[in-house]
Amino acid sequence: MRAKPGFEEDIFISYAHIDNLPLDNGLKGWVETFHERLKIRLMQLMGEEVKIWRDRKLQGNDVFEETLTGRIANVALLVSVLSPRYLKSEWCIREIDEFCKQAALSGGLQVGDKLRVFKVLKTHVPPQEHPPVIQGLLGYEFYEYDSDRGRAREFRPEVAPSPDIRYWEKLDDLAYDIKHLIESLKTSAVAPGPLAQAAPDGKTVYLAETTSDLRDERERVKRELQQHGHNILPDRELPLVGDSLKATIREFLDRSDLSVHLMGARYGVIPEGESRSVVHLQSALAAERGGLRQIIWIPPGLETPEDQAQQRLLDSFRLESNGHGLVDVLQTRLEELKTFIQDNLNAKSKPASAAPGGGQGRSVYLVCDRQDIEATQPVADHLFALGMNVILPLMTDPAAPNDEALALQDHKDNLLECDAVLIYYGRASEIWLRMKQREMQKLVGYGRTKPLLAKALYVSGPRTDAKERLRDHETLIIKNYDAFSPESLRPF
């Protein structure tokens with residue numbers, strides 16, 4: 001398979017030969033393993049043969065032969081495997097330069113705003129040392145960098161004794177991006193200029209850069225969106241100077257159908273000439289772009305961020321979402337966030353219905369046991385005062401068993417239709433609590449199609465050892481053994 005008539009091969013892998021030396025007898029080199037796996041994954045994604053070539057015999061002191069120059073001229077894409085040795089190799093730098101020169105002669109180095117060069121980082125190399133032509137490109141990092149210790153730990157390519165899922169995720173990201181660019185090459189001229197960046201039914205999503213504590217979550221969201229054929233921005237590194245940063249973000253937002261912002265415990269880096277962090281600026285500029293829907297996601301269980309600036313930012317989102325139909329603030333599992341994003345991208349365009357103010361129009365299902373129905377009254381009153389519709393479970397007569405089935409159906413209907421769930425756990429048994437937690441895990445199975453805006457477990461007195469041990473990655477836990485305080489509900 002050729003990416004486009006006129007190219008004899010799809011991909012050329014440029015690398016330093018020292019990076020392919022095996023670390024032990026019987027092992028394959030890193031680049032050889034990478035080459036084989038990338039080819040297999042691309043063939044699986046595209047359903048046909050993919051031609052990938054790398055130089056296997058030349059050494060750094062060889063003459064840059066005309067045969068190699070000619071072969072590079074007939075390659076559609078270049079994959080550069082960066083490493084400390086790569087940057088010191090005159091040969092490797094000449095390969096990039098030669099590819100760029102030949103690409104300019106064969107129609108252009110860019111396809112739309114995508115370069116025909118992919119930057120793979122085998123290990124950490126300071127960005128300012130990257131070759132100029134790929135310095136601004138987002139790379140595929142096959143390592144984890146500890147900035148405190150100044151040390152990089154490469155993802156292990158070996159399968160035994162157990163595979164490193166991070167290696168395979170990065171390989172998959174690279175394969176999908178190469179697939180999309182090859183498909184663009186096959187259907188369009190290779191020249192600078194506008195080019196559809198997504199599949200026919202795909203959209204463009206501004207997936208905001210986030211802080212390091214949520215980097216893995218952002219990668220998972222990005223990966224799934226790309227696999228559904230959507231284009232993800234930013235597709236290059238953001239500058240860290242205020243005016244340039246804002247201009248770049250606005251450019252990306254103008255091309256986007258949706259913006260998604262992952263908010264963690266940290267406020268983030270404040271760029272030169274700015275008083276707000278990169279994370280804050282992205283959300284503020286998205287709000288300025290008229291008609292653009294924003295999805296703000298906060299991890300479940302995040303109660304108190306690490307600094308006050310981040311707390312104020314999160315509070316402002318919660319207030320804004322109550323009265324702004326174009327902002328959705330979710331504190332859900334990551335899988336529910338992905339579903340919510342897809343629902344928004346798949347929905348036909350229609351005017352957003354803004355809530356008239358406060359929490360009006362939002363419904364909260366306040367789940368409780370018969371023993372706690374009176375104790376929940378202050379909670380229900382407070383939520384109602386905030387403008388929310390509070391739904392309580394039906395309390396049936398134990399002497400009327402036929403009513404039990406109706407109450408159970410009403411309970412499931414409430415779980416499917418409410419906007420948020422608050423489980424009140426006071427005097428009920430542990431068995432009752434376990435049942436309610438399992439029901440929360442089965443919402444999709446019950447038929448719920450959209451994620452809850454919030455879900456929490458409110459733990460009240462009496463205090464017990466079992467309550468003290470309660471932890472949940474998916475549900476916010478609020479513990480307040482004393483008299484009800486409105487402040488205790490603030491995280492919810």
Please identify each residue that fulfils ring-ring contact (aromatic ring centres under 6.0 Å, His included) with [X], with sequence neighbours left out.
| X | value |
| --- | --- |
| W432 | none |
| H280 | Y267 |
| F118 | none |

[X]: partners by side-chain hydrogen bond (donor to acceptor under 3.5 Å, both in side chains), with sequence neighbours left out:
| X | value |
| --- | --- |
| E335 | K338 |
| E144 | R166 |
| Y176 | none |

Tell me, which pairs form a salt bridge (charged side-chain N to carboxylate O under 4.0 Å, His left out) where one or both residues lie in residues 150-159, sequence neighbours left out? K122-E154, R156-E158

Any pair with a residue in residues 269-290 that passes salt bridge (charged side-chain N to carboxylate O under 4.0 Å, His left out), sequence neighbours left out, goes on the list, sorted by first then second residue, please. K246-E274, R250-E288

So do [Y] and [X] actually touch side chain to side chain, heavy atoms under 4.5 Å?
| X | Y | answer |
| --- | --- | --- |
| K170 | E219 | yes |
| I295 | L330 | yes |
| V459 | L457 | yes |
| T123 | E141 | no |
| L258 | Y206 | no |
| F492 | I478 | yes |
| V133 | V117 | no |
| H411 | E439 | yes |

I need the [X] [atom1] to [Y] [atom2] distance, nearest 0.5 Å.
| X | Y | atom1 | atom2 | answer |
| --- | --- | --- | --- | --- |
| I423 | D372 | CD1 | CG | 12.5 Å |
| H180 | H230 | NE2 | NE2 | 10.0 Å |
| L433 | D369 | CG | CG | 10.5 Å |
| T33 | L27 | OG1 | CG | 8.5 Å |
| D213 | L262 | CG | CG | 10.0 Å |
| S277 | Q310 | OG | CD | 7.0 Å |

Salt bridge (charged side-chain N to carboxylate O under 4.0 Å, His left out) for D328 and R293? Distances and angles first, verdict last. CA-CA 8 Å; D328 292 290; R293 179 169 290 281; 2.7 Å; yes

Does the side-chain contact (heavy atoms from CB on, under 4.5 Å) test come out yes or no for V81 and L121, once each step is laid out? CA-CA 6 Å; V81 181; L121 293 113; over 6 Å; no

Just checking, is any N or O donor in the side chain of [X] or [Y] under 3.5 Å from an acceptor N or O on the other one?
| X | Y | result |
| --- | --- | --- |
| T210 | R215 | no |
| D173 | Q226 | no |
| Q44 | R41 | yes |
| Y481 | S460 | no |

Applying side-chain contact (heavy atoms from CB on, under 4.5 Å) to L383 and L489, what does each step give before you reach the verdict? CA-CA 9 Å; L383 293 174; L489 273 186; 4.0 Å; yes

Quick check against the 3.5 Å criterion: does [X] have a side-chain atom that pairs as donor or acceptor with the backbone of [Y]?
| X | Y | value |
| --- | --- | --- |
| R427 | P462 | no |
| T464 | K467 | yes |
| N414 | D410 | yes |
| R218 | A208 | yes |
| D146 | R149 | yes |
| K203 | L345 | yes |
| K119 | I134 | yes |
| K436 | C368 | no |
| W297 | L337 | no |
| D419 | L453 | no |

For atom CE of M435, decide whether the heavy atoms of other residues, nucleotides or ligands shown that lie under 6.0 angstrom number more than 12. no

Are there more than 12 heavy atoms of other residues, nucleotides or ligands under 6.0 Å from atom CD1 of I165? yes

Which is it for L422 and K455 under the side-chain contact (heavy atoms from CB on, under 4.5 Å) test, yes or no, and what are the steps along the way? CA-CA 6 Å; L422 180 63; K455 57 182 178 181; over 6 Å; no

For ring-ring contact (aromatic ring centres under 6.0 Å, His included), just list the numbers for W168 and F155, CA-CA rounded to whole Å, side-chain angles, deciding distance to a tenth of an Å, and then say yes or no. CA-CA 9 Å; W168 293 99; F155 300 155; over 10 Å; no

List for me each residue that meets salt bridge (charged side-chain N to carboxylate O under 4.0 Å, His left out) alongside [X], sequence neighbours excluded, and say none if there are none.
| X | result |
| --- | --- |
| E169 | R223 |
| E129 | none |
| D243 | none |
| E430 | none |

Ionic contact status for R255 with E251, cut-off 4.0 Å: yes

Between Y458 and Y425, does a ring-ring contact (aromatic ring centres under 6.0 Å, His included) hold up when you go through it step by step? CA-CA 6 Å; Y458 186 97; Y425 177 44; over 10 Å; no

CA sep, side-chain torsions, deciding dist, call: V278, L240, side-chain contact (heavy atoms from CB on, under 4.5 Å): CA-CA 8 Å; V278 174; L240 285 179; 4.0 Å; yes

Are W30 and F142 an aromatic pair, judged by ring center distance below 6.0 Å? yes

Nearest heavy atoms of V125 and P84, plus distance in Å: CG2-N, 3.8 Å

